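Below you'll find the structure, written out as structure tokens, and then a few comments.
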There are 2 protein chains.
Amino acid sequence: MARQSFDEREVEQRRAEILEAAMTLFEAGGQEAVSFRKVAAVLGCSYAAPYRYFPGKEALLTAMRAQAFRWMEREMLAAIDPAQPPRQRLRTLAEAFIRAGIERPQRYALMFFRLTEPESGPRSMELAAAKRDALDVCTRTVAAAQAAGDLKLSVDPLTASHLFWVGAHGLVSLEVAGQFVMGRSVEELVPQMVRTLMQGLEEQSAIVARRAAP
Amino acid sequence: MARQSFDEREVEQRRAEILEAAMTLFEAGGQEAVSFRKVAAVLGCSYAAPYRYFPGKEALLTAMRAQAFRWMEREMLAAIDPAQPPRQRLRTLAEAFIRAGIERPQRYALMFFRLTEPESGPRSMELAAAKRDALDVCTRTVAAAQAAGDLKLSVDPLTASHLFWVGAHGLVSLEVAGQFVMGRSVEELVPQMVRTLMQGLEEQSAIVARRAAP
DNA sequence: AGTATTAAATTAATACTGTCAACTTTATCC
DNA sequence: GGATAAAGTTGACAGTATTAATTTAATACT
């Protein structure tokens, strides 16, 4: 028999090279700067070669999205400071997410600004995993705060972390899409959102207690 | 001298026809189903004719966005029931926004899923106005609730309405982008988000009072 | 009425894009 | 060395946005 395929390592290596080239183009000029032809030009191969490794542009974008979610996860993990009290840690985490998104609007848009289409294939698996892992950082932090007794939630931790996620995403996505032009900056809104969510999620008795004995 | 231009009415009429054709295509197949060539085909003119009325695709999309915001404003206004107490009215408004967005994901994406680029030209003015008017519905409802003494805010009404807007948008945009695949539906999250925001935005003394004497 | 003027519309052309099919190269196994 | 099959290349098709050159047609003035 003849050679049947690259070593799995080689294939994965080539895929990574293509992905890297695509990411380079993306960082330089956003989503519309990425095309199979430009990617091929960067790699010095012909424009149809990448099709051997990604069945279409959507697959390439899916891989790029997964990478972006991994990046976001790292950003969040890097922001966690174990020295901080759990409550404060959650606040820091939210701020890190928001800052990261605002500083890299293109990447954020890649991750979140798209319509759902039926996902399938190995690339989508990886994307789903990356997404889950990023959200897990948030969920764990909420759970830790609750376990430490620093945060008394009126809902379960998973719901609470989802609501934090939703709030943070609302802020970033509106900012990135330029919907705050009404003379108001996100900077003012971020701490207010975080405070509002914390206060709104806490057991009301906890608030009373906190006010009575700070 | 010869004819210098269409009557302004005629020009605006033609523009409206083009916009309508574009919207028809959009409703049928989303953003990628809209092209100058298809619009022209629908209108029965040549593919470059629309350029007389919209300088480029971005201008056409801007006009479409304004229309979408006007639609959202109508949806919200239609949901307002003066018979309801102001507090409940706000809840209803949030739910109407969220429902509308989820039912028309393409339209919602058109409105919110895009990166900021320097806007200019008359079309952008109209878009900004439509956006402002839609948000104003929210702001007015919050202000009315506060004026009626039904809602005691710990922040100014404009900030409060912005936070409601952010929360609602967070929910819709994540849902529309298919980010809730982790086995949780928006339906559960919507009321929780609304309750959390309301509770978090209220004066803490008001909560205590509400608990003491419901 | 006839003609000059000029906006509106059309056509041709450029430069891209994603994707597929046919073809060539090339590395490995027997 | 020759067979084999994967990897890569090339050509082609059907789109896209956009611009420039050109044609059409309607008006205003002589």
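Below, chains carry the letters A, B, ... as their sequence lines are ordered, and counting in each starts from 1. All values reported here derive from a predicted model rather than from experimental measurement.
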Exercise for review: Look at the side-chain N and O atoms of A:Arg14 and state whether any lies under 4.0 Å from the OP1 or OP2 oxygen of D:dA7.
Suggested key: no
Review point. What nucleotide among C:dA9, D:dA7, C:dT17 has an atom nearest to a side-chain atom of A:Ser35?
Key: C:dT17
Point to revise | d(CD, A:Gln31; P, C:dT17) in whole Å | key: 14 Å
Check your understanding: Can you check the B:Leu25 CG to D:dG15 C1' distance for me, whole Å?
Key -> 15 Å
Exercise for review: Would you mind reading off the distance between B:Phe36 atom CZ and D:dG15 atom C1', rounded to a whole angstrom?
Suggested key: 16 Å
Check your understanding: Can a salt bridge be assigned to the pair B:Glu12 and B:Arg15 using a cut-off of 4.0 Å between side-chain N and carboxylate O?
Key -> yes
Point to revise | Heavy-atom donor-acceptor pair, B:Arg87 side chain to B:Ala145 backbone, under 3.5 Å | key: no
Review point. Is the count of non-hydrogen atoms from other residues, nucleotides or ligands lying under 6.0 Å from A:Glu27 atom CD greater than 12?
Key: yes
Review point. Counting distance only, does the side-chain N/O of A:Lys57 pair as donor-acceptor with the main-chain N or O of A:Val34 below 3.5 Å?
Key: yes
Review point. Charged N to carboxylate O below 4.0 Å: is that the case for A:Arg132 and A:Glu73?
Key: no
Practice item. Using whole Å, report how far CZ of A:Arg52 lies from C1' of C:dT26. Key: 13 Å
**Study point:** Donor-acceptor under 3.5 Å (B:Gln88 side chain, B:Asp81 main chain)
**Key:** no
Check your understanding: For the pair made of CD in A:Glu10 and C1' in D:dG8, what is the distance, rounded to whole Å?
Key -> 15 Å
**Study point:** Heavy-atom pair of closest approach, residues A:Ala66 and A:Ala130
**Key:** O-CB, 3.6 Å
Practice item. Mind running a 4.0 Å heavy-atom check of residues 55-64 of chain A against DNA chain C and sending the residues that fall below it, in number order? Key: A:Gly56, A:Lys57
Revision key, fill the gap. Taking pairs as Watson-Crick (N1-N3 plus N6-O4 or O6-N4) or G-U wobble (N1-O2 and O6-N3), each distance under 3.5 Å, the stems of three or more consecutive pairs with DNA chain D are C:1-30 with D:1-30
Check your understanding: Does C:dT17 have OP1 or OP2 sitting under 4.0 Å from an N or O in the side chain of A:Lys38?
Key -> yes
Check your understanding: What nucleotide, of C:dT10, D:dA7, D:dT9, holds the atom closest to the side chain of A:Ala49?
Key -> D:dT9
Review point. Donor-acceptor pair, B:Gln199 side chain versus A:Gly200 backbone, under 3.5 Å?
Key: yes
Exercise for review: Quickly work out the B:Glu17 CD to C:dA8 C1' distance and round it to whole Å.
Suggested key: 14 Å
**Study point:** Distance, rounded to the nearest Å, where A:Arg15 contributes CZ and D:dA7 contributes C1'
**Key:** 14 Å
Exercise for review: Check whether any side-chain N or O of B:Glu75 sits under 3.5 Å from a backbone N or O of B:Gly101 as a donor-acceptor pair, and report yes or no.
Suggested key: no
Exercise for review: Determine whether more than 12 heavy atoms belonging to other residues, nucleotides or ligands lie under 6.0 Å from atom CD of A:Glu32.
Suggested key: no
Revision key, fill the gap. Checking C:dT17, D:dA17, D:dG8 against the side chain of B:Tyr51 (C-beta onward), the nearest is D:dA17
Find every protein N or O atom lying less than 3.5 Å from an N or O atom of nucleotides 12-14 of chain C, and list the pairs.
{"residue": "C:dA12", "atom": "N7", "partner": "B:Tyr47", "partner atom": "OH", "Å": "2.8"}

Practice item. In plain terms, say whether A:Glu126 and A:Arg123 are close enough for a salt bridge, that is, a side-chain N and a carboxylate O under 4.0 Å apart. Key: no
Check your understanding: OP1 or OP2 of C:dT11 less than 4.0 angstrom from a side-chain nitrogen or oxygen of B:Ser46, does that happen here?
Key -> no
**Study point:** Residue pair A:Ala109 / B:Leu115: nearest heavy atoms and the distance that separates them
**Key:** CB-CD2, 3.6 Å
